[in-house]
Protein chains: 2
Amino acid sequence: MEKKKTSPNISKNFMNHNHELCVESSLKDFKQHFIEKELKLTPLRLKVFQLLLKDHRPLGAYQILDLLRKDGFSSTPPIAYRVLDFLIEHGFVHKIKKLNAFVACSHPGNSHSPTFMICRKCEKVAEINEKESGLKFNKETSSEFKIEEAIIEFIGICKNCIKLEVI
Amino acid sequence: MEKKKTSPNISKNFMNHNHELCVESSLKDFKQHFIEKELKLTPLRLKVFQLLLKDHRPLGAYQILDLLRKDGFSSTPPIAYRVLDFLIEHGFVHKIKKLNAFVACSHPGNSHSPTFMICRKCEKVAEINEKESGLKFNKETSSEFKIEEAIIEFIGICKNCIKLEVI
DNA sequence: TAAGTCAATGTTATATTATAACATTACTAC
DNA sequence: GTAGTAATGTTATAATATAACATTGACTTA
Ligand SMILES: [Zn+2]
Ligand SMILES: [Zn+2]
Ligand SMILES: [Zn+2]
Ligand SMILES: [Zn+2]
């Protein structure tokens, strides 16, 4: 049986989609990158990543701690922040500055400067890569300033929530 | 005596420039907008804005409070946050999410989604408008998501700090 | 296997950033 | 002058994040 290779869709996270498949695929990538990079996949790291995969909504550090507590993990602030730092450093998680919250990366394993779309209504987030976003800034600017990191977050309303508003 | 009208320069804030003129001009604009919009220019609002004009470096709320204290103003947190909220709401100040800090707006009076360049070495910040930044994102993306607000911050190293590093 | 080492996690305490809720002041309008 | 209102003052606390040190457990190596 051949797997369907769907083209990347900016709106996927906001719309109905096969989220089980979505999680499964992310998790597989996640584990694969740990193997390739010879990182240690501990229960805590796996658990935090799984929490972040739940529904494309970012989680705050203290929300994560609450969920860890329920699952019998230790749950003092450094636990969450350390694991998040690790996952961010290795490109598995991003922080959404607008929300002081964290999301699982959609293109894990590669360090990159992602662009986020944040729906203020359903609170879901989609990460889009440079090609999809079509974001460009002019050459002159680059010569004036050597960019090392970019924070790009668009806040607005998603296709699905627009549709619901119209009804 | 005729005033020189310099064209907007992305790097100005990072380089040597006539900062006295820079402050004077910003302050004049600031006051003018209060008159035009019939806002109340209180000593506190003026003071906070002046603090933010000092040297193109963002200030945290608690730094502002320390400076207010030194000048005999009340200095409990809500004082700073309320004035900052007011100044942000009316487009005189922006918050830099990367730094949890605040800067005076370079194009005050108009609500807009600015782009920031943040030098990690000298810690100065420059705001550039949409025309200067050359930032564009493709139409397809826009139809997928209705953008209402954009957070765009580039972190890197400025022209002046690059120069100093090379020496 | 015993001792050493190191990364990961656990724990306590505290720093930093931000807001809620209510009190007072001072200007305006009637 | 009294009432209404915007601004500021005050107290308390919420929310987010880090510092510093202790313990564990896996792996090394002698
Ligand atoms: Zn999904
Ligand atoms: Zn939505
Ligand atoms: Zn200047
Ligand atoms: Zn610099």
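Chain naming here is simple, since letters A, B, ... match the order of the sequence lines and numbering starts at 1 in each. Reckoned from all heavy atoms, side chains included, excluding hydrogens, waters and symmetry mates.
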A/Leu46 CG - C/dA8 C1' separation (whole Å): 15 Å

Check the distance between D/dT24's P and A/Lys40's NZ and give it to me in whole angstrom. 17 Å

Taken to the nearest whole Å, CG/A/Asp66 to C1'/D/dA15 is 12 Å

Which whole-number value in Å describes the distance from B/Leu68 CG to D/dG9 C1'? 13 Å

What is the distance from CD1 of B/Ile79 to P of C/dA18, rounded to the nearest Å? 16 Å

Check every atom of C/dT19, D/dA17, C/dT11 against the side chain of A/Lys95 and return the nucleotide holding the closest atom. D/dA17

Indicate, with a heavy-atom threshold strictly under 4.0 Å, whether B/Ser74 touches base, sugar-phosphate, or nothing. sugar-phosphate

By nearest atom, which of the nucleotides C/dT12, D/dG9, D/dA7 is closest to the A/Thr76 side chain? C/dT12

Look at the side chain of A/Pro78 and decide which nucleotide, out of C/dT9, C/dT11, D/dA12, has an atom nearest to it. C/dT11

On the nucleotide D/dT8, are OP1 or OP2 found under 4.0 Å from the side-chain N or O atoms that B/Thr42 carries? yes

Just the rounded figure in Å: distance from P of C/dT17 to CD1 of B/Ile96. 15 Å

For A/Leu99 and D/dA15, what is the distance between atoms CG and C1' respectively, to the nearest whole Å? 14 Å

Please determine which of B/Asp66, B/Ile64, B/Leu65 meets the side-chain contact (heavy atoms from CB on, under 4.5 Å) test together with B/Tyr62. B/Leu65

If you look at every strand shown and take non-hydrogen atoms under 4.0 Å, does A/Arg82 touch a base, only sugar-phosphate, or nothing? base

Identify whether any heavy atom of B/Tyr62 sits under 4.0 Å from a base atom; if not, whether one sits that close to sugar-phosphate; answer base, sugar-phosphate or nothing. base

Can you check the A/Gln63 CD to D/dA17 P distance for me, whole Å? 12 Å

Ion pair present between B/Arg120 and A/Glu149, side-chain N to carboxylate O less than 4.0 angstrom? no

Is A/Asn100 near enough to D/dA15 that one of its side-chain N or O atoms lies under 4.0 angstrom from OP1 or OP2? no

A/His19 and A/His17 aromatic ring geometry - parallel, tilted or perpendicular at 30°/60° bounds: perpendicular

Ring geometry between B/Phe86 and B/Phe34 (parallel below 30°, tilted from 30 to 60°, perpendicular above 60°): tilted

Please give me the minimum heavy-atom distance between A/Lys12 and A/Cys22, naming the atom from each residue. NZ-SG, 3.2 Å

Nearest-nucleotide check on DNA chain C, A/Val83 vs B/Gly60; residue mapping nearer the 5' end is A/Val83

Is B/Tyr81 near enough to C/dA18 that one of its side-chain N or O atoms lies under 4.0 angstrom from OP1 or OP2? yes

